[in-house]
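Inspection log for the structure reproduced underneath, given as structure tokens.
Along the sequence shown, residues are numbered consecutively beginning with 1. These numbers come from the heavy atoms of this one structure, side chains and all, not from hydrogens, waters or symmetry mates. Both counts, for ligands and for their atoms, begin at 1 and track the order of listing.
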Amino acid sequence: MYGNGYYIKFTGKGINKMALMNDNFNNLVANYLFAEIAKRVNDYTKAHPEADVIRLGIGDVTLPLAPAVIEAMHKGVDELANKETFKGYPDYDGYEFLRKAIADYYKTKNNVDISPNEVFVSDGAKSDCGNIVDIFDKDNTVLVTDPVYPVYVDTNIISGRKILYADSTEENGFAAMPNKSIKADLIYLCSPNNPTGSAYTKEQLSEWIKYAKGQNAIILYDAAYEAFITEDDIPCSIYEVEGAKECAIEFCSLSKTAGFTGTRCGYTIIPKELKMKNKSDEDVSVYDTWYRRQATKFNGVSYPVQCGAAAVFSEEGQKQIKENLSYYQENAKIIANALDELGIYYTGGKNSPYIWLKCPNNMGSWEFFDKLLNEANVVGTPGAGFGKNGEGYFRLTAFGDREKTKEAVERIKRLKF
Ligand code: PLP
């Protein structure tokens, strides 16, 4: 290899320069979780075609978009069909009507003052959680909790950053807390958590904020499941906690909140006061840098989708999405009640669509997966797929059909452990 980064391939006919891959991709750990689940379920259904297999492992919603959303999207499409109201490229950060609706939602729901000019509308929280790494130096150290939503880990591996882990375990209710002896620059927190369903209290978030500020770190706060929070002492936004605006970015999504998994829409809040440093030790605006990044690589979310998203925050829209959320919340309660009856330890279910349970009799995650599939024809997600602390645990979700959820739970209750 030559110092200028090109491989020189001798072909005998001349010299071909070859494109070099980003070597960091070789550091990704192959994640066979969902492929392996699909394989085992396929093998089982092939051998038992009569089996009625119920899937309680899915992380996708099953209820349709709310009528207010559909109506707003139709109206948006009609406007595009008319020369007078046609719209071309949207703004990089989203239409003002949607950014204002989001800022109003923060004020009404959380009593948090966010300016519409601190909101970035996007095609979902996964993109933003993944793309945000563009604005940070490669030499930052990243802290994630374990078990973890794999996007935080893989996007930083691809960028070549060092990753440290904070343990979420039964001892801390699967809600990892900071260890002051660990130095980190970027801290990913997800509350309510995927996969563990745990949610941080104000006091716990306050500790994280103190920890982050103590070392000039930035918290990357994923609030994708905030709409599932039912308890008063659990904040829906990190900005409900004092000091967060100077150290946190918040990501949110309409995917699970309002059934936008297929439609695609999310948003990211970057307070104007949030700063990072450049190599000359000067303060740099995180908002301005992210705006520059988006202007370079992103051309916005389609107009009809933004119309539908704004309808989510209308009075009618909020009423309608709450009906869907209650449906999932009731499913979560049905699963949680069954685990209570069986005396099985779990987290989540109360402020989250995820129920994270300890596999009975110290079974391994995959051992329990096979037992559930073979003996109850129920499919869940082995916790081992989310990190080392997930081994011995298992994730069930509340996004399924009500009757099927009830049936699955009855089958689990009949199992002999
Ligand atoms: N963040 C977490 C923690 C998630 O679990 C998910 C989806 O499963 C996302 C983000 C992705 O959200 P979106 O559909 O908006 O990309």
(request) Find out whether the Lys NZ or Arg CZ of K87 is both under 6.0 angstrom from the six-membered ring centre of Y303 and within 45° of the ring's axis. (result) yes
(request) Report the relative orientation of the aromatic rings in Y188 and Y152; use parallel for angles under 30°, tilted for 30 to 60°, perpendicular for over 60°. (result) parallel
(message) Among all the protein's non-hydrogen atoms, which is closest to atom 9 (C) of ligand 1, and how far away is it?
(response) Y149 OH, 3.2 Å
(message) Regarding atom 15 (O) of ligand 1: of the candidates G59, S253, A224, P353, which has the closest heavy atom?
(response) S253
(request) Starting from atom 2 (C) of ligand 1, locate the nearest protein heavy atom and write down its residue, its atom name and how far away it is, to 0.1 Å. (result) D222 OD2, 3.4 Å
(message) Quick check: F399 with Y328 (ring centres under 6.0 Å apart)?
(response) yes
(request) Heavy-atom distances under 4.0 Å are what count here, so tell me which part of Y152 touches ligand 1: side chain, backbone, both or neither. (result) side chain
(request) May I ask you to identify, for A125, whether its side chain, its backbone, both or neither come under 4.0 Å of ligand 1 on a heavy-atom basis? (result) both
(message) Looking at ligand 1, would C190 count as a contact under a 4.0 Å heavy-atom criterion?
(response) yes
(request) Determine whether the side chain, the backbone, both or neither of Y225 has a heavy atom under 4.0 Å from any heavy atom of ligand 1. (result) side chain
(message) Would you say S127 and D123 are linked by a side-chain donor-acceptor pair, where the criterion is simply a distance under 3.5 Å?
(response) yes
(request) List the steps and the verdict of salt bridge (charged side-chain N to carboxylate O under 4.0 Å, His left out) for D370 and R40. (result) CA-CA 8 Å; D370 288 335; R40 291 192 193 201; 2.8 Å; yes
(message) For the 3.5 Å polar cut-off, considering only N or O atoms, please tell me whether N194 and ligand 1 meet it.
(response) yes
(request) Run the numbers for me: atoms of ligand 1, each under 4.0 Å from some heavy atom of G124, listed by number. (result) 15 (O), 16 (O)
(request) Within a distance under 4.0 Å of any heavy atom of K256, pick out the atoms of ligand 1 and give their elements. (result) 7 (C), 8 (O)
(request) May I ask you to identify the nearest protein heavy atom to atom 14 (O) of ligand 1, giving residue, atom name and distance to one decimal place in Å? (result) S255 OG, 2.5 Å
(message) Distance under 4.0 Å to a non-hydrogen atom of K126: what atoms of ligand 1 satisfy this?
(response) 11 (C), 12 (O), 13 (P), 16 (O)
(request) For residues T155 and I158, determine if any side-chain heavy atom of one lies less than 4.5 Å from a side-chain heavy atom of the other. (result) no
(message) Check R99 with E96, please: is the shortest side-chain N to carboxylate O separation under 4.0 Å?
(response) no
(message) Which residue and atom name correspond to the protein heavy atom nearest atom 16 (O) of ligand 1, and how close is it?
(response) R264 NH2, 2.7 Å
(message) Looking only at the aromatic ring of each residue, does the gap between the centers of Y354 and Y225 stay below 6.0 angstrom?
(response) yes
(message) Set out, in order, the CA-CA distance, both residues' side-chain angles and the distance that settles side chain to side chain donor-acceptor pair (under 3.5 Å) for Y393 and E170, then state yes or no.
(response) CA-CA 10 Å; Y393 294 85; E170 227 170 293; 2.3 Å; yes
(request) Looking only at distances, please establish whether an N/O atom of ligand 1 is found under 3.5 Å from an N/O atom of Y354. (result) no
